Amino acid sequence: DTGVSQNPRHKITKRGQNVTFRCDPISEHNRLYWYRQTLGQGPEFLTYFQNEAQLEKSRLLSDRFSAERPKGSFSTLEIQRTEQGDSAMYLCASSPRGGFQETQYFGPGTRLLVL
Amino acid sequence: DQQVKQNSPSLSVQEGRISILNCDYTNSMFDYFLWYKKYPAEGPTFLISISSIKDKNEDGRFTVFLNKSAKHLSLHIVPSQPGDSAVYFCAASADTGNQFYFGTGTSLTVIP
């Protein structure tokens, strides 16, 4: 049984560069979520997909952020023109259907450091 | 606006004793609550959940209590073990929403 996987686990980049993260959810999970966690805070919701459709985006997701889930399986999160304030842990989670009172299962996260 | 609050950033407990972690929420629409455990450099791991139709849910050494009138939930760990040392997050969701709202976490240290 494989859980949610994320790659890379760590990314260091210079301000202004673009970065892309990948998330592979638990097999057959229809719902996929992206969260961001900064130091001393809990995870904060960014966006979620039901299969390939992106259904909700947080106001935290600025125009420099874009997420895709092209075939309803893995997802990518791209940050363009990175800023130092983007430094955080980016977490991906998945759930089976996205129904009432359904648990989300998290991956190990991608830690981003923008210099 | 923090809708889920964990007011104790840290807690230290002797091995074998009870650990009690607390969480308060402000949104009366929340109806599903979870506790996650997080080790450094790892993602949160699901621990236990409770629906608003219940006031208690138990799983082995872990019990979650929900007091809806007080908008308060707590996680009891009995007996506490050194391997329980981690950061614990409570999270909440509403039937009308699809995201979880997380608290800021409580770092538990179980002293051998």
Side-chain angles (χ1 to χ4, degrees), chain A residues 3-10 21 23-26 29-50 53-61 88-113, chain B residues 1-10 21-25 27 29-54 57 59 62 64 66 73 86-107:
Chain A
V4 177
S5 62
Q6 293 186 244
N7 287 289
R9 295 291 307 274
H10 304 274
F21 309 141
C23 170
D24 288 87
I26 294 172
H29 275 196
N30 293 332
R31 190 63 76 88
L32 187 148
Y33 307 81
W34 285 99
Y35 287 82
R36 182 178 72 182
Q37 184 178 15
T38 54
L39 196 63
Q41 300 297 315
E44 295 175 290
F45 171 78
L46 292 178
T47 187
Y48 84 89
F49 293 84
Q50 179 73 33
Q54 188 175 16
L55 298 185
E56 187 174 342
K57 291 193 280 188
S58 161
R59 56 179 173 77
L60 294 177
L61 210 67
M89 172 78 86
Y90 290 85
L91 293 161
C92 176
S94 70
S95 64
R97 294 168 301 279
F100 179 64
Q101 296 187 350
E102 193 173 73
T103 298
Q104 297 177 16
Y105 297 91
F106 283 81
T110 294
R111 182 168 295 282
L112 172 66
L113 177 61
Chain B
D1 181 28
Q2 193 77 23
Q3 299 189 54
V4 178
K5 299 178 183 179
Q6 293 177 257
N7 292 321
S8 297
S10 62
L21 294 90
N22 294 303
C23 180
D24 297 291
Y25 62 96
N27 190 339
M29 298 300 292
F30 288 152
D31 58 10
Y32 187 50
F33 305 88
L34 309 91
W35 284 94
Y36 284 86
K37 176 180 178 180
K38 187 179 184 304
Y39 293 116
E42 295 184 10
T45 301
F46 169 70
L47 198 56
I48 192 169
S49 64
I50 187 166
S51 166
S52 58
I53 61 174
K54 295 183 176 181
N57 189 26
D59 183 2
F62 303 91
V64 57
L66 175 63
L73 66 155
V87 177
Y88 289 78
F89 291 97
C90 69
S93 69
D95 184 25
T96 54
N98 296 286
Q99 59 173 287
F100 284 176
Y101 294 86
F102 283 82
T104 51
T106 296
S107 178

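Everything numeric here is computed off the predicted structure, so don't read it as measured data. Convention: sequence-line order gives letters A, B, ...; per-chain numbering from 1.
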Please work out whether the ring planes of A/H29 and A/Y105 are parallel, tilted or perpendicular, with thresholds of 30° and 60°.
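Taking A/Y105 first and then A/H29, their aromatic rings sit tilted (interplane angle of 30° to 60°).
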In terms of ring plane angle, is the pair B/F102 and A/Y35 parallel, tilted or perpendicular, where the classes change at 30° and 60°?
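Plane angle over 60°, so perpendicular.
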Test of understanding: with side-chain contact (heavy atoms from CB on, under 4.5 Å), list the residues that count as partners of B/Y39, not counting sequence neighbours.
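Scan of B/Y39 (side-chain contact (heavy atoms from CB on, under 4.5 Å), adjacent residues dropped) gives B/K37, B/E42, B/A86.
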Measure B/F100 against the heavy atoms of chain A and call it side chain, backbone, both or neither at under 4.5 Å.
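Looking at B/F100, backbone and side chain both touch chain A.
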With a 4.5 angstrom heavy-atom cut-off, which part of B/Y36 approaches chain A: side chain, backbone, both or neither?
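Interface part for B/Y36: side chain.
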In terms of heavy-atom pairs under 4.5 Å with chain A, which of B/P44, B/A41, B/G105 leads?
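Counting heavy-atom pairs under 4.5 Å, the top option is B/P44.
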Looking at B/Y101, B/F33, B/Y32, B/F89, which one has more heavy-atom pairs under 4.5 Å with chain A than the rest?
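So the answer, after comparing B/Y101, B/F33, B/Y32, B/F89, is B/Y32.
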Go through the atoms of A/E102 and report whether side chain, backbone, both or neither lie under 4.5 Å from a heavy atom of chain B.
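It is the backbone, since no side chain atom gets that close.
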Quick check: do B/S49 and B/V64 have side-chain heavy atoms less than 4.5 Å from each other?
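Not in contact.
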Side-chain donor/acceptor pairs under 3.5 Å, residues 39-49 of chain A, sequence neighbours excluded:
residue, atom, partner, partner atom, Å
A/T47, OG1, A/Q54, NE2, 2.8
A/T47, OG1, A/E56, O, 2.6
A/Y48, OH, B/N98, ND2, 2.9

